[in-house]
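Proteins get letters first, then strands, A, B, ... in listed order; numbering begins at 1 in each. No experiment lies behind these values; they were computed from the predicted model shown.
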Amino acid sequence: MTAIETVVDRSVTEALETMMLIRTFEEKSAALRAANLSPNMCTSVGQEASAAGVIKNLREDDLILTNHRSAGHLLARGAEPGRIFAEIMGKSTGYCKGKSGSLHISVKELGVVLTSTIVGGELSLAPGVGLSLSMSKSDAIAVVFFGDGAATEGIFHESLNLAAVWNLPVLYVCENNQWQAYVHRKETMLADHVSEFARAYGVPSKTVDGNDVEVVLDAARNAVDYVRTMRKPYLLETYTYRVRGHMEPDDQAYVDKEELASWKRRDPISLIQSRLQRDGELTQDEIDVMWQRVQQRVEDAAQFALDSPYPGFDEMTTDVYA
Amino acid sequence: MTAIETVVDRSVTEALETMMLIRTFEEKSAALRAANLSPNMCTSVGQEASAAGVIKNLREDDLILTNHRSAGHLLARGAEPGRIFAEIMGKSTGYCKGKSGSLHISVKELGVVLTSTIVGGELSLAPGVGLSLSMSKSDAIAVVFFGDGAATEGIFHESLNLAAVWNLPVLYVCENNQWQAYVHRKETMLADHVSEFARAYGVPSKTVDGNDVEVVLDAARNAVDYVRTMRKPYLLETYTYRVRGHMEPDDQAYVDKEELASWKRRDPISLIQSRLQRDGELTQDEIDVMWQRVQQRVEDAAQFALDSPYPGFDEMTTDVYA
Amino acid sequence: MRTITADEAITEALVEEMRRDSRVIAFGEGTATKGYKLVEEFGAARVRNTPLAEGIIAGTAAGAAATGLRPVIDLLFAPFLTFAMDEIVNSAGKLRFLSGGQFSFPLVTVARTGGGWAVGAQHNHNNESWFVSSPGLKVVMPSTPADFKGLLKSAIRDENPVVFFADIGLLFVPGEVPDGDHVVPIGKADVKREGSDITLISYAKTVQKCLEAANVLQENGVSAEVIDLRSLKPLDEATLLASVQKTGRAIVVHEAAGPCGVGAEVAAIIAEKAFGALKAPVVRLTGPDAPAAASFPLEAAYAPQADAIVAAATRSLSRA
Amino acid sequence: MRTITADEAITEALVEEMRRDSRVIAFGEGTATKGYKLVEEFGAARVRNTPLAEGIIAGTAAGAAATGLRPVIDLLFAPFLTFAMDEIVNSAGKLRFLSGGQFSFPLVTVARTGGGWAVGAQHNHNNESWFVSSPGLKVVMPSTPADFKGLLKSAIRDENPVVFFADIGLLFVPGEVPDGDHVVPIGKADVKREGSDITLISYAKTVQKCLEAANVLQENGVSAEVIDLRSLKPLDEATLLASVQKTGRAIVVHEAAGPCGVGAEVAAIIAEKAFGALKAPVVRLTGPDAPAAASFPLEAAYAPQADAIVAAATRSLSRA
Ligand SMILES: Cc1ncc(C[n+]2csc(CCOP(=O)(O)OP(=O)(O)O)c2C)c(N)n1
Ligand SMILES: Cc1ncc(C[n+]2csc(CCOP(=O)(O)OP(=O)(O)O)c2C)c(N)n1
Ligand SMILES: [Mg+2]
Ligand SMILES: [Mg+2]
């Protein structure tokens, strides 16, 4: 079987390495931006457990939709970091030939079928992907990642309602990272959990600690099983925190220092790293090797992207119509 | 005090006469349509208790928003039936000079400030009216009437959420009449009551028998009091039934005959009429006089509208800009 | 040949394409209620009522189109498209390009518009130019039952998102439709009447007004060519320019308001590319730049009438 | 005179108008975060963060405007307006008319657009023509910090809904702004440079490209007049036509794609109303009819450049 199917065995160690890869990638990405080698983009630092934990539960034929904060999802799905960097930089070797940039990257070969940077766009498209699957013979499912901010767009409710009424196999994963660009979630909704909205639609839901990858792996396994077997939607909320700013560069002047510090103390990578060490599953040496491996990969990837050419000007008008 | 304030004493008998007026008006309106004397329009036959029961609890300075099915709300508020007929017919004596037609009638002098036939349009506008009131010194409130169908538009959720987060004095009145044009409500949502959606927003809500005007009067009094004193939104759902078709003319071929018949047995006017008779509050003679009064009013009104001129062609381009 | 209405032609096209291609599905507010016969033939999975929510109807169509289905959605009236702009414009129109060509969006959005029902500007707004101006979309707006059928069939077969506008005023007017698999290509205008003195260019309900005007002009000894655009995007520039090269005069007529309308685009193309041939200015006759009133006489007067077209043509012809 | 950026000019205009009129309020996604100084001065009731929901932001503005407030809303980027079309077009634009003039909608919608940020077509889409084509709205799109300030002040004072487009590429370019209550009327174009041989008509970032082209043309002995439209609705027809009457040649330049764009409207007006004066066809230079790529060099090449304007002008002048 393929790379992705192997990943599905859900080893926590593998999830950890995915998280390390995401972290390293995102920090490199921010550094490239700071050095003016890359345009503005959004990182998912602090949220790695959600991407790794959910996506490791998916099958190769499951389909993914995501949003502006997608690098973690793409990497967890097995995307080449070099081609993501290249896409962010607008290079021709990017997954979308540099046309997307960081905000709408889709990768057909990996089943990352649709990405929209319109907040809520991914939610508007998800039932249609679920519909295609529900009308096919397959038992594959669609998974849509979205933020707590997207949950305040009306389309969230239209999407959830339609998926419920039509029994569509869509797993809704809300990465509630407490921020909606420069506005704290608390300013935008009275409930603490986006999952609370699901009940009235008749959609089962659960909020879990999004910083504990073992918890996410577990909850996502159950959620995926439910959607796959019941052919109905489910909403999983990974409660987490956006550790860096909304979009690089960002001085985070508007961020409550204590809240940030308290979430940093619950860093998802440190958390699982030390747990695995404590339980004797990993030694410091093994951990160091893992970090080195991902660092090397990310450095090579960045170099690949930096060395890649921009698309030709003819690309301005290709791919508009089929 | 003014006419409207008098009404606020909530006499059930007055509410009954309002309901009779609405019923008579709507049936005349349908008859005019059938006779090709009027364009297509939507009646609220069967739903009169909701309009009468809610609006009799309002003060003159409260503001109303409504939708395509508005004649009942307008009449309960004291609008001239002749000017409503005229507006429906597109005559210059209509409340909007015939420019609106039946679907977007607003009446500034009665505090019917905004009406949109875009389903959900009234909901999008309501928080702004609440905001104006909340920033004024007054303790007036905004009341927005909308259907169960409007509750499946995303804007419903955006509206409720904003009103909750901003503490806006808006009373949301959902007239759940089981139909959304030619689609039964059961096809569009899994929950039976729109009020179930309100909880997650932190908005108190209640579903009441929308065919019993005494129940509506009572529930609306509490709801209005809550919004007026707390300066926060509330959702009141009047559970009722659309007895005629969506829009005149309509053969209702798609309607479940038994469901229709069972609701007809709970006709809101017969219900309160016989209760008042049974309790000795009204005699048959008094009831007959009431019917005669409203019939005369409606006939005169229709004649007024029929006799009224169409607007001049210059009106095609006036009132576009201030 | 049979005589049917445009409304019937829409259903015929849909039924035939659903028989032809099992990936074609149809949904919208009341689609299954109105199309209960289609439900019988194709099953409830392929013909669906939706909740009352245009955004998710269009978004679902886009998501389904990207993953193998070919949805035809009914969004009822053009002003309701305001609730589906992100899905139609930002998703269906742009995501093919933004994905570097990885995904396509073969979907058709049907919406009614124009005067005919006397229900006012929130049901009647000729906003077709929004979609003409948006990349990645195609836009058609037929004037005869035959074109309703043939263009809808082409739209369903197209690999790109097509917005199909149905003029309310034409829906129940009967007309002849060829038997069999009648397909009209998108992007091809129809010369409804040949003429040599002036070109009248139009689409939807005002095509008929142009034909009426051409009859009157004929009586006055003027030979007017009448072109029905049918496809607003892509525009059939070749047919337009060939006609104006011949006649040297053009009048563009539509119900939609003037500013940045299709008439502006047509006039600008002609003024640029047939400049040398022009003997008089290209004139636009459009609806007023105002919301459409519900009041029936005002609504009926909104679209340009034959007499105004005759007058404009006569003015044009009076210029050297 | 002070030198400030367009972004600063926007804030200045807002602050001054909020001081002037207590009915003016401002809200949007991050408005209070970004405008924390405004919160200090005007209080949290008048300067608000909103939930992430463009539809209700715009709808709330319309509802508030109809009942006595004067909201200024920030919808961030033009493609996000897709979520607010009903509220802006069907409500703010049409309900004054549909109410027979009972209500007015004095509100301003601010949105950024155009190339400059390399983030692709879901942030960068020059869809201003949608609003120009919609009744009841006004549309402005300035090119200098002074006009950003002066037009925003006029927009806030206007009794009608105004859509204010801010070209991202211009936001952080500094420029001189007159001291005091600097107000620029809506509906008045600005002749940036007088000339006699050809008229270059533009708005937003391409005004600068036209000025650059005019310099090059000057060196070639051609005197180009450059007009900055500033107000896209209403259009200042008088200024346009006077210029073309004088020069006999016109080129319309903008970043937005061509079809049914503002350039089409301008070209159509000139071709109709200055026909007799035209010595060459009115040419449009626009962005391609394609979504804007994120890739920086492609994005930068999207808007017409000075050399293309010079070439088009030279071609125009070569015609008799
Ligand atoms: C419709 C729309 N509105 C606003 C934006 C600007 N924007 C981009 S991301 C973002 C915040 C999104 O918050 P959330 O959904 O919680 O996702 P997060 O960024 O926290 O992952 C905003 C406001 C946008 N891209 N689309
Ligand atoms: C945005 C929009 N979509 C569709 C319609 C067409 N339409 C008019 S009324 C209606 C049904 C509305 O149902 P509901 O909100 O329950 O109100 P009711 O008619 O039952 O009073 C529909 C679909 C519309 N006017 N606006
Ligand atoms: Mg968030
Ligand atoms: Mg209903």
Side-chain angles (χ1 to χ4, degrees), chain C residues 55 79-90 93-98 120-122 125 127-130 132-136 233 235 252 256-276 278 280-284 288-294 319, chain D residues 55 79-90 93-98 120-122 125 127-130 132-136 233 235 252 256-276 278 280-284 288-294 319:
Chain C
F80 310 167
L81 295 174
T82 52
F83 275 158
M85 293 302 287
D86 170 55
E87 295 76 8
I88 296 173
V89 174
N90 289 325
K94 297 177 185 169
L95 287 181
R96 171 168 227 286
F97 177 86
L98 290 172
Q122 290 190 337
H125 179 187
N127 57 8
E128 55 270 13
S129 73
W130 297 357
V132 174
S133 79
S134 299
K233 186 171 196 176
L235 269 176
V252 198
C260 296
V262 171
E265 180 63 25
V266 169
I269 289 171
I270 294 174
E272 178 172 349
K273 301 190 179 165
F275 181 75
L278 282 178
V282 182
V283 171
R284 287 181 286 165
D289 184 19
R319 290 187 68 135
Chain D
F80 310 167
L81 294 174
T82 53
F83 275 157
M85 294 302 286
D86 170 54
E87 295 76 9
I88 296 173
V89 174
N90 289 325
K94 297 177 184 169
L95 288 181
R96 171 168 227 286
F97 177 86
L98 290 171
Q122 290 189 338
H125 180 187
N127 57 8
E128 55 271 13
S129 73
W130 298 357
V132 175
S133 79
S134 299
K233 187 172 196 175
L235 270 176
V252 198
C260 297
V262 171
E265 180 63 25
V266 169
I269 289 172
I270 293 174
E272 179 172 348
K273 301 189 180 167
F275 181 75
L278 281 177
V282 182
V283 172
R284 287 181 287 165
D289 184 19
R319 290 188 69 137

Asks: For residues E272(C) and R284(D), report the shortest heavy-atom separation together with the two atoms involved.
Replies: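 Distance-wise, the nearest heavy atoms are OE1-N, 3.6 Å.
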Asks: Roughly how far, to the nearest 0.5 Å, is CG of L95(C) from CD of E87(C)?
Replies: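 E87(C) CD to L95(C) CG: 11.0 Å, rounded to 0.5 Å.
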Asks: Less than 4.5 Å to any heavy atom of chain C: does that hold for the side chain of D86(D), its backbone, both, or neither?
Replies: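 Contact with chain C involves both backbone and side-chain atoms of D86(D).
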Asks: Relative to chain D, which of G263(C), P259(C), A268(C) shows the most heavy atom pairs under 4.5 Å?
Replies: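 Heavy-atom pairs under 4.5 Å are most numerous for P259(C).
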Asks: Only pairs of heavy atoms separated by less than 4.5 Å count here; which of A274(C), A257(C), A290(C) has the most with chain D?
Replies: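 Ranked by heavy-atom pairs under 4.5 Å with chain D, first place is A290(C).
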Asks: Output the option from G93(C), A293(C), G55(C), A84(C) having the highest count of non-hydrogen pairs under 4.5 Å with chain D.
Replies: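 Top count of heavy-atom pairs under 4.5 Å with chain D: A293(C).
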Asks: Provide the closest heavy-atom pair for V262(D) versus E128(D) in the form atom of the first, atom of the second, distance.
Replies: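 Nearest heavy atoms, V262(D) then E128(D): CG2-CG, 4.3 Å.
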Asks: Which region of L235(D), side chain (C-beta onward) or backbone (N, CA, C, O), has a non-hydrogen atom less than 4.5 Å from a non-hydrogen atom of chain C, or is it both or neither?
Replies: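 Contact with chain C is absent: no heavy atom of L235(D) under 4.5 Å.
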Asks: What residue in G258(C), P135(C), P291(C) has the most heavy-atom pairs under 4.5 Å with chain D?
Replies: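 Going by pairs under 4.5 Å, I would pick P291(C).
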Asks: For the interface with chain C, which of G136(D), G120(D), A271(D), P79(D) has the highest count of heavy-atom pairs at distances below 4.5 Å?
Replies: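 Option with the top pair count is P79(D).
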Asks: Hey, which of A121(C), A256(C), G276(C), A267(C) has the most heavy atom pairs under 4.5 Å with chain D?
Replies: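 Ranked by contacts with chain D, first place is A121(C).
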Asks: Check whether I270(C) gets within reach of chain D through its side chain, its backbone, both or neither, counting any heavy atom under 4.5 Å.
Replies: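 For I270(C), neither part sits under 4.5 Å from chain D.
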Asks: Please report the closest heavy-atom contact between N90(D) and T82(C), naming both atoms and the distance.
Replies: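 N90(D) and T82(C) have their closest heavy atoms at ND2-OG1, 3.1 Å.
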Asks: For chain D, which candidate among A280(C), A292(C), P288(C) shows the most heavy-atom pairs at distances under 4.5 Å?
Replies: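 Top option by heavy-atom pairs under 4.5 Å: A280(C).
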Asks: Please identify, among V266(D), I269(D), V89(D), the residue contributing the most non-hydrogen atom pairs under 4.5 Å to chain C.
Replies: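 It is V89(D).
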Asks: Using non-hydrogen atoms and a 4.5 Å limit, figure out which bit of V283(C) sits close to chain D: side chain, backbone, both or neither.
Replies: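 Both parts, heavy atoms under 4.5 Å.
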Asks: As an exercise, state the distance from CE of M85(C) to CG of N127(C), rounded to the nearest 0.5 Å.
Replies: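 Rounded to the nearest 0.5 Å, the CE-CG separation comes to 7.0 Å.
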Asks: If I measure from the heavy atoms of chain D, does I88(C) come under 4.5 Å with its side chain, its backbone, both, or neither?
Replies: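 Neither part, no heavy atoms under 4.5 Å.
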Asks: Of the listed residues (C260(D), S129(D), G261(D), A264(D)), which shares the most heavy-atom pairs with chain C below a 4.5 Å separation?
Replies: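 Winner by heavy-atom pair count: C260(D).
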Asks: Would you compute the distance between atom CZ of R319(D) and atom CZ of F275(C) and round it to the nearest 0.5 angstrom?
Replies: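 Here the interatomic distance stands at 6.0 Å.
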Asks: Where do W130(D) and H125(D) come nearest, in terms of heavy atoms and distance?
Replies: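 Between these two residues, the closest heavy atoms are CZ2-CE1, 3.9 Å.
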Asks: Kindly compute the distance separating NZ (K233(D)) from CG (D289(C)), expressed to the nearest 0.5 Å.
Replies: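 Interatomic distance, K233(D) NZ to D289(C) CG, rounded to 0.5 Å: 3.5 Å.
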